[in-house]
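In what follows, every heavy atom counts, from backbone to side chain, and hydrogens, waters and symmetry copies are set aside.
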Amino acid sequence: MTGKNRTIDGAAGISLAVEVKGECGAMPVLLAHGAGQTRRAWKRVMQDLVEAGFRAIAIDMRGHGDSDWSSAGAYDVRDFAADLVAVASRMDRKPALVGASLGGLAGMIAEGDLAPGSFASLTLVDIAPRIDPGGVMRVVSFMQEHVETGFSSPEEAAQVIARYMPHRRKRRAGDGLRHYLRHKEDGRYYWHWDPAFISNMVAAHCSDTAHQEQQVNILYKAAANLTLPLHLIRGGSSDLVSKGAVEHLRELAPHAEYTDIIDATHMVAGDANDAFSAAILGFLGRQSTS
């Protein structure tokens, strides 16, 4: 079975868009993207996984891409985590989970708190329990820009992306960018995500210190509870995950493996896909032979 697009039930009645590639019966690898992305972020990784004999399942997280928006504005990390648990429970065997940024945070909460034993392994892509507030604010600011006013054209959106990622080759509007935009009746183009999602992110970032500390402690506890095979892949130029954050994770979960991809920022898969896929496949291969 290859290239099939479908939907799958998440938590609380949320329908999630999903793409599946690979043979039925092969080891499933569930791919959960970061904030502001869609399942298309994994396009090249999925092909690499299939060629290596895995079954790749990439979802649009709630409020993103073609998945449902939450009418209740339920976009806490635990809500995303509950979706991952629901998806895993519908598979015939435990999937390996690869979570980038938001997807990785949701994976930690899912496996370390909500439903331990749901996944065969967990790969965290440039995310850890301790993250740099400045890097988070850069992501939030990018996502917040134009969220209400939109763009006059996909070309204008491409210019905004180029400013956010100056190290990347400028993306042409036709290179799949339209999948990340919604063309509305007013003639303007808007980011594909639910505005309530970014509003929740801003509110969380600006919440009182006690609330922020509580959320951080929940992540620390979840990470410390992880007993499954664990792998952290960090972008060598990441502004979210420092080397100190890597050591902190390894203190919480001493069995964690670690790969640093030198020529990558927080957007690891897009910056250095070949090295990224090699790191994932190496880790998954070691699990299948252990």
Sequence neighbours left out, what pairs pass salt bridge (Lys or Arg N to Asp or Glu O under 4.0 Å) with at least one residue falling in [range]?
range	value
residues 224-236	R234-D260
residues 81-104	R62-D83
residues 236-255	R138-D239

With sequence neighbours excluded, residues passing ring pair (Phe, Tyr, Trp, His ring centres under 6.0 Å) with [X]:
X	answer
Y190	none
F119	none
F197	H64, Y75, F80

Quiz item: Does the pair N217 and Q214 meet the rule for a side chain to side chain contact (heavy atoms under 4.5 Å, CB included), with working shown?
Solution: CA-CA 5 Å; N217 287 334; Q214 180 185 33; 5.7 Å; no
Exercise. Name all residues meeting the side chain to side chain donor-acceptor pair (under 3.5 Å) criterion together with R44; count only those two or more places apart in sequence or in a different chain, and write none if there are none.
Key: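 Testing R44 for side chain to side chain donor-acceptor pair (under 3.5 Å), a comparison that skips the adjacent residues, returns D274.
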Quiz item: Is atom CG of D263 surrounded by more than 12 heavy atoms (other residues, nucleotides or ligands) closer than 6.0 Å?
Solution: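 Not more than 12 within 6.0 Å, no.
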Using side chain to side chain contact (heavy atoms under 4.5 Å, CB included) as the criterion, list what pairs up with [X], not counting sequence neighbours.
X	value
Q212	S207
A26	R55
R130	Y220, A245, H248
T123	V98, V125, H231, I233, F283

Quiz item: Would you say the side-chain atoms of T38 pair up with the backbone N or O of D60, donor to acceptor, closer than 3.5 Å?
Solution: no
Quiz item: Does any N or O in the side chain of H192 come within less than 3.5 Å of the main-chain N or O of G36, such that one atom is a donor and the other an acceptor?
Solution: yes
Quiz item: Looking at R6 and E19, does any basic side-chain N land under 4.0 Å from a carboxylate oxygen?
Solution: no
Self-check item: side chain to side chain contact (heavy atoms under 4.5 Å, CB included) evaluation trace for I218 with I109
Solution: CA-CA 8 Å; I218 289 172; I109 294 297; 3.7 Å; yes
Quiz prompt | Where at least one partner belongs to residues 249-269, residue pairs that pass ring-ring contact (aromatic ring centres under 6.0 Å, His included), sequence neighbours excluded | solution =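 Listed once each, the pairs would be none.
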